[in-house]
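Reviewing the structure listed below.
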There are 2 protein chains.
Amino acid sequence: MGQTNPPFMSGVPELLLLRLLEQREMYGYELVKAIKIVTGESISLGEGVIYPVLHSLERGGALKAKRKKVAGRTRVYYSLNAKGKTRLSRLQDEWLRIQSGVTAALGGTADA
Amino acid sequence: MGQTNPPFMSGVPELLLLRLLEQREMYGYELVKAIKIVTGESISLGEGVIYPVLHSLERGGALKAKRKKVAGRTRVYYSLNAKGKTRLSRLQDEWLRIQSGVTAALGGTADA
DNA sequence: AACGATACCTTGAACAAAAAGGTATGTCAA
DNA sequence: TTGACATACCTTTTTGTTCAAGGTATCGTT
């Protein structure tokens, strides 16, 4: 009985992060802004969400962190490695599964 | 500072329950099976999820409970009341919002 | 010097979800 | 008649995400 499933629908923040980092390396503060933009303002995640997820993904070996000094400020750039790609792929599948399930449930008997 | 936002993506189980109960009254055990069916097997929620949600919705005044004896067994039928409809509507909007956000994020640069 | 934006971070609390168990009745086959 | 399985209710415990709220420090601009 070792493994427990993740709390149903969590992992959306994680999914978004991984998806963005798949395209190019980015740093935390940048990701906060980017998520607002790519989701068309419909999702907004604070730094209190982003940083912990970033750290936990790095600890888990899904991300590689690289410190850079830019204009006097320190940025921590993250990029996907193999494990991260696998994880992205899994989360994406899971999201698709949930999405289709909910859509099916909402669609039945449209009542219109 | 009174109000805190709901834990991002939760409420999917609740949404599914409310959606089903909008169509007809049902009892807990029935809902467990029904969810598997209407979601095309993509979502499966155990009794340990269903019952607590049902109870909390009833406590919150979103559901009305009615005990019935059928074939020697006791069933608790739940139905939506006004508050429940409002809540369903709100959860549905929220789901749509999240869904469109994630879809937008996943869609960008399809990489195909 | 003060302010806002950048950029990192942590702590605390809240709460949902999952797993696992526990009770009891009915039905059916061996 | 005993055992197994489906029905039908329920709770407790654990886990983990997410959130708000704070805290540090640098830079540019006014």
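A quick note: this is a predicted structure, and the numbers were derived from the prediction, not measured. Each chain gets a letter, A, B and so on, in the order the sequences are listed, and its residues count up from 1. Side-chain atoms are counted along with the backbone in the values below, which use heavy atoms only and exclude waters and symmetry mates.
- As judged by a 4.0 angstrom heavy-atom cut-off over every strand, A/G48 is placed among the base-contacting residues.
- Of the candidates D/dC19, D/dC10, D/dA6, D/dC10 carries the atom nearest the B/E47 side chain, counting heavy atoms from C-beta on.
- The side chain of B/P13 has C/dA17 as its nearest neighbour among C/dA7, C/dA17, D/dC10.
- Atom-to-atom, CD1 of A/I43 to C1' of D/dT17 comes out at 15 Å; the value is rounded to the nearest Å.
- Put simply, A/Y27 has a side-chain N or O that comes within less than 4.0 Å of OP1 or OP2 on C/dA7.
- If you measure from atom CD of B/E58 to atom P of D/dC9, you get 12 Å, rounded to the nearest angstrom.
- Taking 4.0 Å as the cut-off between side-chain N and carboxylate O, A/R75 and A/E30 do not count as a salt-bridged pair.
- D/dC9 atom P lies 11 Å from atom CD1 of B/I50, rounded to whole Å.
- Distance check: A/T39 OG1 to B/L106 CG gives 11.0 Å after rounding to the nearest 0.5 Å.
- Put simply, the side chain of B/I35 reaches to within 4.5 Å of the side chain of B/L17, judged on heavy atoms.
- For the ring pair (Phe, Tyr, Trp, His ring centres under 6.0 Å) with B/Y27, the lone residue among B/Y51, B/Y78, B/Y77 that qualifies is B/Y77.
- The hydrophobic cluster containing B/V32 does not contain B/I37, counting ILVMFWY residues as joined when their side-chain heavy atoms lie under 4.5 angstrom apart, directly or transitively.
- For DNA chain D, the neighbouring residues in residues 65-81 of chain A, judged by any heavy atom under 4.0 Å, are A/A71, A/G72, A/R73.
- The shortest heavy-atom contact between B/A65 and B/E58 is CB-OE2, 3.4 Å.
- The rotation axes computed at either terminus of the helix from C/dA1-D/dT30 to C/dA30-D/dT1 lie 10° apart, taking five pairs at each end and rounding to 10 degrees.
- In this model, the phosphate group of C/dC8 is not approached by any side-chain N or O of A/H55 to a distance below 4.0 Å at OP1 or OP2.
- Counting to the nearest Å, the C1' atom of D/dT17 and the CD1 atom of B/I98 are 14 Å from each other.
- Listed nucleotides: C/dA18, C/dC9, D/dT11. Nearest to the side chain of A/Y51: C/dC9.
- Counting all heavy atoms, side chain and backbone alike, B/L15 lies closest to B/L91 at N-CD1, 3.9 Å.
- In this entry the distance linking NZ of A/K33 with C1' of C/dG4 reads 11 Å, nearest Å.
- Comparing D/dT11, C/dA17, C/dC8 by their nearest atom to the side chain of B/P52 picks out D/dT11.
- Residues forming a salt bridge (charged side-chain N to carboxylate O under 4.0 Å, His left out) with A/E25 (at least two apart in sequence, or on another chain): A/K66, A/K68.
- In this structure, the CD atom of B/E94 is 10 Å from the P atom of D/dC19, given to the nearest Å.
- Computed from coordinates, the B/E14 CD to C/dC15 P distance equals 13 Å when rounded to whole Å.
- Counting non-hydrogen atoms under 4.0 angstrom, A/E30 reaches nothing in the nucleic acid.
- At whole-Å resolution of the value, CD1 in B/I35 and P in C/dA18 are 11 Å apart.
- With respect to the salt-bridge test (charged N to carboxylate O, under 4.0 angstrom), the residues A/R87 and A/E14 qualify.
- Taking 4.5 Å as the limit, some side-chain heavy atom of A/Y29 sits within range of a side-chain heavy atom of A/E47.
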